[in-house]
Protein chains: 2
Amino acid sequence: MKKATIKDIAKAAGVSIATVSYILNDVKTQSISDETRVKVLKAAQQLRYVTNRTAQSLKVKKTGLIGILWFKGNDDYLWSDLKYAKTIQAIERHCSELGYHVLFMQIDNLGPSSKIIMERNLDGVFLMNVDQEQFTTISNYFGFGVPVFVVDSYIEDPLFHKIVPDFARSFQAARSLLGEAPQFLVMDSYNNAELVEFIKRQSGLDEERIHVCCDNIKDMHEFLSVYAGRPGIVLNEFLAHEAAKTHNRLAVLCTSHCPEIVPQGMAKVAFDLNDYKEIVRMMDRNIQDADEVSREKFYCLSVIT
Amino acid sequence: MKKATIKDIAKAAGVSIATVSYILNDVKTQSISDETRVKVLKAAQQLRYVTNRTAQSLKVKKTGLIGILWFKGNDDYLWSDLKYAKTIQAIERHCSELGYHVLFMQIDNLGPSSKIIMERNLDGVFLMNVDQEQFTTISNYFGFGVPVFVVDSYIEDPLFHKIVPDFARSFQAARSLLGEAPQFLVMDSYNNAELVEFIKRQSGLDEERIHVCCDNIKDMHEFLSVYAGRPGIVLNEFLAHEAAKTHNRLAVLCTSHCPEIVPQGMAKVAFDLNDYKEIVRMMDRNIQDADEVSREKFYCLSVIT
DNA sequence: ATGAAAGCGCTAACAA
DNA sequence: TTGTTAGCGCTTTCAT
């Protein structure tokens, strides 16, 4: 029970393989008589033909494959799993809409893993949660014209597109939801140190009023105890749950993309994962036009309140 | 800046492409002089050669691609996202160990989507959360010898391998952790109705003592109110959190694979995702040996207490 | 409107 | 030990 090829169709329909290819691909520059078109299509159906994308890719030098490389540093936090799970879902959904398939890979060191980009001839790549060092590693791994979009990293490198939540607007929104200036910030951690710094800056708060959460939840509660009864901002729904045990004047930025779990009555600001539709479209344009000029290299996931 | 091919290497090293192929693939049946081996390897490195897996796949008729098709019915529960995110992570990790790459796809209807299996020539497939109907759809889509492993479905079809948590043992464990017979069961829902029935049976409880959770959390609390103060079992950590608000004699089966979020002091039974190592190995064997006899078609994720 | 044929990059059987 | 070559399934140019 072997799979049918265009050759089989050609034989069955009594035409050449070129003709079959024209018809199956609906090539516009080629005119085909209705008669043969029907003949071929019928044969294709009977033989249960499906395109062999491997062969097609080899020929057209486009695989239709988008890679998602997820750097899973040491942190194995639930919030991080969920955030990226949601992100991956959004990316896959929109890639799918445009006919792309998604290769998913967790990596812990970019060197060997990033070979996948070249080996598999990925058309485009999403990099999630990479730090500066990995960034430089990968950036000289290829100037091969593969569009690379980086999620949750804040790096000034014109080679890459950057995607982050719209922190500026979300802090603003949080403040206005609180109705007063926040006194402190508790935030989740990122592999990319620059992003952490960027977030801190955006919050407008002094360093000592900011706590970056690591594995130890005790530290957070200790930090929070200083601000008892004061209003503050928490990044990510899970930390918000913890903080809610001792604080009630909180606004939470839903960086894990699960606004539904924020405790009732707590002010929340979410981000729009549907923005990935536009982002994937942009990647697609980059793929079509190798030298498409993309002015803007920063994409901010828009705020939902 | 084009990518180097074995042809380029051959030219650079002054040998034939066959020789290059032999060396790069370390073909055992072929003896190669140390001299040429070194020459070729050096050239390969200099040219930054990486295998073109597309071409290779076409030739050897193995893509090294494993598909994960995730049926995301209507339910878009957090617990479900997390459960399958964790599962996908485990599968990817172990596939990676064996040199496979993972194609990830969310589907809402199996017909068109499952074309990916044929188009991309997937070597193996994991199907997650499919119901009976989709099952039959896909099962006649191919007897193409692609090993298919089904996660969270309970169907008697010798064509597929089934993977489910070890419910029998986990109920047992839960009971003994409770120290007494559970009076009720609250469980998460699955697309696969048979699995739901199977779980109910395994619990050993009467139908009316079992509540299957849908979107409405109110229903659950209503159900629970009947059993105030009585011991019971909850499937999945998130529901456990809800239930914990009114009940304290609970044992939770961690079907979302996040035992770390079970409230302190609550009895919990988890499942071992590392079992996927063996499962993926089994799939690998099936791939190598098209007609490998696998006696056992059921895999139960083992219990951790 | 249709077909012949080259060739994408690779492997492997066969020849030398 | 090394090289020649056919061919995997497809697209596409150029003839017919």
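Every chain is numbered from 1, with letters handed out A, B, ... down the list of sequences. The model shown is predicted, which means the values in this text are computed figures rather than measured ones.
- With respect to K72(B) and D81(B), a salt bridge is recorded, a charged nitrogen being found less than 4.0 Å from a carboxylate O.
- The distance between atom CG of N25(B) and atom C1' of dA12(C), rounded to the nearest whole Å, is 11 Å.
- Of the options N274(A), T87(A), I163(A), a side-chain contact (heavy atoms from CB on, under 4.5 Å) to L301(A) is made by I163(A) and by none of the others.
- One can place CG of L24(B) at 8 Å from P of dT11(C), the figure rounded to the nearest angstrom.
- Within 4.0 Å (heavy atoms only), S57(B) reaches no atom of the nucleic acid at all.
- Under 4.0 angstrom from either OP1 or OP2 of dG9(C) there lies at least one side-chain N or O belonging to K61(A).
- Heavy atoms of other residues, nucleotides or ligands lying less than 6.0 angstrom from CD of E133(B) number 12 at most.
- Contacts of I32(B) with the nucleic acid, taken as non-hydrogen atoms under 4.0 Å apart, involve only primed sugar atoms and P, OP1 or OP2.
- Nearer to the 5' terminus of DNA chain D, by closest-nucleotide assignment, is the contact made by E35(B) (compared with the other of E35(B) and K2(A)).
- At least one donor-acceptor pair closer than 3.5 Å links the side chain of T5(A) to the backbone N or O of K7(A).
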Provide a list of protein-nucleic acid N or O atom pairs under 3.5 angstrom, restricted to nucleotides 3-5 of chain D.
from   : atom 1 : to     : atom 2 : distance (Å)
dG3(D) : OP2    : S16(B) : N      : 2.6
dG3(D) : OP2    : S16(B) : OG     : 3.3
dG3(D) : OP2    : T19(B) : OG1    : 2.8
dG3(D) : O6     : Y22(B) : OH     : 3.0

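- Of the charged side-chain nitrogens involved, none lies within less than 4.0 Å of a carboxylate oxygen, so that K162(B) and E194(B) do not count as a salt-bridged pair.
- Toward the 5′ end of DNA chain D lies the nearest nucleotide of R37(B), the other residue of the pair V60(A) and R37(B) mapping further downstream.
- Residue S21(B) places at least one side-chain N or O under 4.0 Å from the OP1 or OP2 atom of dT11(C).
- Contact annotation: side chain of K59(B) to base of dG9(C), donor-acceptor pair absent below 3.5 Å.
- One can place NZ of K62(A) at 14 Å from C1' of dC8(C), the figure rounded to the nearest angstrom.
- In terms of modelled atom types and a separation under 3.5 Å, the side chain of N286(B) and the main chain of P147(B) share no donor-acceptor contact.
- The aromatic rings of F160(B) and F135(B) sit tilted relative to each other, their planes meeting at an angle between 30° and 60°.
- For DNA chain D, the residues of residues 3-11 of chain A within the heavy-atom distance limit of 4.0 Å (strictly under) are T5(A), I6(A), sorted by number.
- Counting to the nearest Å, the P atom of dG3(C) and the CD1 atom of I23(A) are 9 Å from each other.
- Side-chain nitrogen and oxygen atoms of Q56(A) include at least one within less than 4.0 Å of the OP1 or OP2 phosphate oxygen of dT11(D).
- Distance check: N191(B) CG to S153(B) OG gives 8.0 Å after rounding to the nearest 0.5 Å.
- Classified by interplanar angle (parallel below 30°, tilted 30° to 60°, perpendicular above 60°), the ring pair F149(B)/Y299(B) is parallel.
- Listed pair N52(B) / dC8(C) fails the phosphate criterion, with no side-chain N or O lying under 4.0 Å from OP1 or OP2.
- One atom, CG of D26(B), and another, C1' of dT11(C), lie 15 Å apart when rounded to the nearest Å.
- Looking at heavy-atom distances under 4.0 Å, T54(B) makes no contact with the nucleic acid at all.
- Aromatic rings from F298(B) and Y154(B) are positioned such that their centres are separated by under 6.0 Å.
- Rounded to whole Å, the distance from CG on L58(A) to C1' on dC10(C) is 8 Å.
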